[in-house]
Engineer: 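Below you'll find the structure I mean.
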Amino acid sequence: MERLNLRKPKPYDYSSEAGTVKPRVHFYCVSEGATEESYFEGIRNNRVTLRIKNDVFIEIVPKENGQETYSHPLQLVNACLHSMGRIDNEGQELPKDKWKTYCAWEDFDPEIDVVCVIFDRDYKGLTACLDEIFKLCLLHKIRIVISNPNFELWLLMHFPGLENYDKNKLLENRKNLRKQLFPDASEKKRYLEILVVQHSEGYSKGSKLKFERFKQNVDLAVEQAALFCEEPEAIREELGTSVGKLIRDMRT
């Protein structure tokens, strides 16, 4: 598995936000793909409207140039550990008294800041290394933000009527082969993506995500997420997402 490196968090100017104070708690968000990154940029850029606390600073941590497509969750965790100063370039553990020296994030405070690794349960071949991911994250207090089957379940939660869908179909998230699921949709798309497209008028994955189509219903998504599994350990097997819980914590 090739090494993945992270750049410094994307800068964001908070100075124009009326009534804000100097950010104190940083949420460092490292995501599997560009869709998640684009979504959390939308959360950060609309933090006042979405009632994110004044002292919360949302850091979007991008991958180095040329590594944008690297997305294996274990790569993400190891990249976080490297940026946090916990491991060296060869992946060897560094002693605790060296962590601050080798940390790549200037304002990182391990006592109060939150490092979040955001990924999908349906990543191919993930099962074999899930135990290692959870062990490393527990040891180094990295927050796992996982969606089962994928992030599009969270996006679908922005629209009413989620209780009307068959949970097994949502979890299976089958491809639309031979157009058996949706006659008017592409055979290459999966069940959840097609549903999100139907609700959001032309949803596109990746950096083309239009957050405006989801912004007004973030509260609904948080409410609907609470009706499903939200704990990362349980999401390993059950339908659900821990994104809503993350946003609740950013608000409180």
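For the single chain, residues carry numbers from 1 onward in sequence order.
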Engineer: Taking salt bridge (Lys or Arg N to Asp or Glu O under 4.0 Å) as the cut-off, I'd like each qualifying pair that reaches into residues 127-143, sequence neighbours left out, listed once.
Structural biologist: D131-R236, R143-D249
Engineer: Evaluate the criterion side-chain contact (heavy atoms from CB on, under 4.5 Å) for residue pair L170 and L195; output intermediate values, then yes/no.
Structural biologist: CA-CA 10 Å; L170 293 174; L195 292 178; 4.0 Å; yes
Engineer: Measuring from atom OG of S83 to atom CZ of F108, what distance do you get when rounded to the nearest 0.5 angstrom?
Structural biologist: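 Reported to 0.5 Å precision, the distance equals 10.0 Å.
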Engineer: Hey, is OH on Y102 packed in by over 12 heavy atoms from elsewhere, all under 6.0 Å?
Structural biologist: no
Engineer: At what distance, to the nearest 0.5 angstrom, does CG of L81 lie from CG of L6?
Structural biologist: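 Between atom CG of L81 and atom CG of L6 there are 10.0 Å.
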Engineer: Is a side-chain N or O of N5 found less than 3.5 angstrom from the main chain of E64, in a donor-acceptor match?
Structural biologist: no
Engineer: State plainly whether the residues E201 and K210 are in salt-bridge range, i.e. N to O under 4.0 Å.
Structural biologist: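 No, this pair does not count.
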Engineer: Can you name the closest pair of heavy atoms from L239 and L153 and give their distance?
Structural biologist: CD1-CD2, 3.7 Å
Engineer: Between I235 and N148, what is the shortest heavy-atom contact and its length?
Structural biologist: O-ND2, 2.9 Å
Engineer: Does the side chain of P73 come within less than 4.5 Å of V117's, by heavy atoms?
Structural biologist: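 No. Closest side-chain heavy atoms not under 4.5 Å.
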Engineer: Within the distance-only criterion (no hydrogens, no angle test), does the side chain of R24 pair as donor or acceptor with the backbone N or O of D55 below 3.5 angstrom?
Structural biologist: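 Checked: no pair found.
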Engineer: Under 4.5 Å between any side-chain heavy atoms of L76 and L4, yes or no?
Structural biologist: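 They are in contact (side-chain heavy atoms under 4.5 Å apart), so the answer is yes.
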Engineer: Are the side chains of I142 and L136 in touch, meaning some heavy atoms are under 4.5 Å apart?
Structural biologist: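 A side-chain contact under 4.5 Å is absent here.
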Engineer: Is there a donor-acceptor contact under 3.5 Å from the side chain of D120 to the main chain of D122?
Structural biologist: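 Absent.
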Engineer: Check whether any side-chain heavy atom of K189 sits under 4.5 Å from a side-chain heavy atom of N176, and report yes or no.
Structural biologist: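 No; the side chains remain at least 4.5 Å from each other.
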Engineer: Under the criterion side-chain contact (heavy atoms from CB on, under 4.5 Å), I'd like the reasoning laid out for H72 against C129: C-alpha separation, chi angles, the key distance, then a yes or no.
Structural biologist: CA-CA 10 Å; H72 194 291; C129 59; 3.2 Å; yes
Engineer: Could you list all the salt bridge (Lys or Arg N to Asp or Glu O under 4.0 Å) pairs where at least one residue sits in residues 28-37, not counting sequence neighbours?
Structural biologist: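 Passing the test, one end in residues 28-37: K10-E37.
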Engineer: Distance-only, no hydrogens or angles: does the N173 side chain make a donor-acceptor pair with backbone N or O of P149 under 3.5 Å?
Structural biologist: no
Engineer: Check the pair I52 / M250 against side-chain contact (heavy atoms from CB on, under 4.5 Å), numbers first and verdict last.
Structural biologist: CA-CA 6 Å; I52 303 301; M250 289 176 173; 3.9 Å; yes
Engineer: Carefully, step by step, assess T252 and R51 under the rule side-chain hydrogen bond (donor to acceptor under 3.5 Å, both in side chains).
Structural biologist: CA-CA 9 Å; T252 59; R51 307 191 312 281; over 6 Å; no
Engineer: How many angstroms lie between CG in L126 and CG in L130, if you round to the nearest 0.5 Å?
Structural biologist: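 Between atom CG of L126 and atom CG of L130 there are 4.0 Å.
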Engineer: Using salt bridge (charged side-chain N to carboxylate O under 4.0 Å, His left out) as the criterion, list what pairs up with E106, not counting sequence neighbours.
Structural biologist: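 Scan of E106 (salt bridge (charged side-chain N to carboxylate O under 4.0 Å, His left out), adjacent residues dropped) gives K8.
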Engineer: In Å, rounded to the nearest 0.5 Å, how long is the span from CD of Q92 to CG of N89?
Structural biologist: 11.0 Å
Engineer: Could you go through F151 and V243, starting from their C-alpha distance and side-chain angles, then the distance that decides it, and tell me whether this counts as side-chain contact (heavy atoms from CB on, under 4.5 Å)?
Structural biologist: CA-CA 9 Å; F151 192 73; V243 177; 3.9 Å; yes
Engineer: In terms of hydrophobic clusters joined by side-chain contacts under 4.5 Å, are L192 and L227 together?
Structural biologist: yes
Engineer: State whether E230 and R248 are salt-bridged, where the test is any N-O pair (Lys NZ or Arg NE/NH1/NH2 against Asp/Glu carboxylate O) under 4.0 Å.
Structural biologist: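 Counted as a salt bridge, because a side-chain N and a carboxylate O are separated by less than 4.0 Å.
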Engineer: Counting only N and O atoms by type, is there a donor-acceptor contact under 3.5 Å from the side chain of E152 to the main-chain atoms of I194?
Structural biologist: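 No: the side chain of E152 does not pair with the backbone of I194.
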Engineer: Mind checking the NZ-CZ spacing from K53 to F27? Nearest 0.5 Å is all I need.
Structural biologist: 8.5 Å
Engineer: Counting distance only, does the side-chain N/O of Q224 pair as donor-acceptor with the main-chain N or O of P160 below 3.5 Å?
Structural biologist: no
Engineer: Among residues two or more places apart or on two chains, list those pairs meeting ring-ring contact (aromatic ring centres under 6.0 Å, His included) that have a residue in residues 218-252.
Structural biologist: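 As it turns out, there is no ring-ring contact (aromatic ring centres under 6.0 Å, His included) pair with a partner in residues 218-252 once direct neighbours are skipped.
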Engineer: Considering non-hydrogen atoms only, spot the tightest contact between S38 and G206 and give its length.
Structural biologist: OG-O, 3.3 Å
Engineer: Would you call the rings of H26 and F57 parallel, tilted or perpendicular, taking 30° and 60° as the class edges?
Structural biologist: tilted
Engineer: So, does R7 use its side chain to make a donor-acceptor pair with the main chain of K63 at under 3.5 Å?
Structural biologist: yes
Engineer: For a 4.5 angstrom cut-off between non-hydrogen side-chain atoms, does V196 reach L156?
Structural biologist: yes
Engineer: Could you tell me the separation between the CG atom of L246 and the CZ atom of R251, rounded to the nearest 0.5 Å?
Structural biologist: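 CZ of R251 is found 11.0 Å from CG of L246.
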Engineer: Apply the side chain to side chain contact (heavy atoms under 4.5 Å, CB included) test between Y191 and each candidate in D166, L181, L171; give the one that qualifies.
Structural biologist: L181
Engineer: Tell me whether the centres of the aromatic rings in H158 and Y203 are closer together than 6.0 Å.
Structural biologist: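 Centroid distance H158-Y203: not below 6.0 Å, so no.
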Engineer: For L220, what are the other residues in its hydrophobic cluster, where any two members join if their side-chain heavy atoms are less than 4.5 angstrom apart?
Structural biologist: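 Hydrophobic cluster check, L220: no partners found.
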Engineer: Which class fits the ring pair Y28 and W105: parallel under 30°, tilted 30 to 60°, perpendicular over 60°?
Structural biologist: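 It falls in the parallel class, under 30°.
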Engineer: Is it possible for you to say whether Y165 and W154 belong to one hydrophobic cluster, with membership spreading through side-chain heavy-atom contacts below 4.5 Å?
Structural biologist: yes
Engineer: Of all the heavy-atom pairs spanning G66 and Y70, show the shortest one and how long it is.
Structural biologist: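 The answer is O-CE1, 4.3 Å.
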Engineer: Measure across W99 and L94 and return the closest heavy-atom pair with its distance rounded to 0.1 Å.
Structural biologist: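 Shortest heavy-atom separation between W99 and L94 comes out as NE1-O, 3.0 Å.
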Engineer: Side chains of E231 and K245: closer than 4.5 Å at any heavy-atom pair?
Structural biologist: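 Result yes, sub-4.5 Å side-chain heavy-atom pair found.
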Engineer: Are more than 12 heavy atoms from other residues, nucleotides or ligands located less than 6.0 Å from atom CZ of R174?
Structural biologist: no
Engineer: Show every salt bridge (Lys or Arg N to Asp or Glu O under 4.0 Å) that has at least one partner inside residues 86-100, sequence neighbours left out.
Structural biologist: none
Engineer: Of all the heavy-atom pairs spanning S242 and P232, show the shortest one and how long it is.
Structural biologist: OG-CG, 4.3 Å
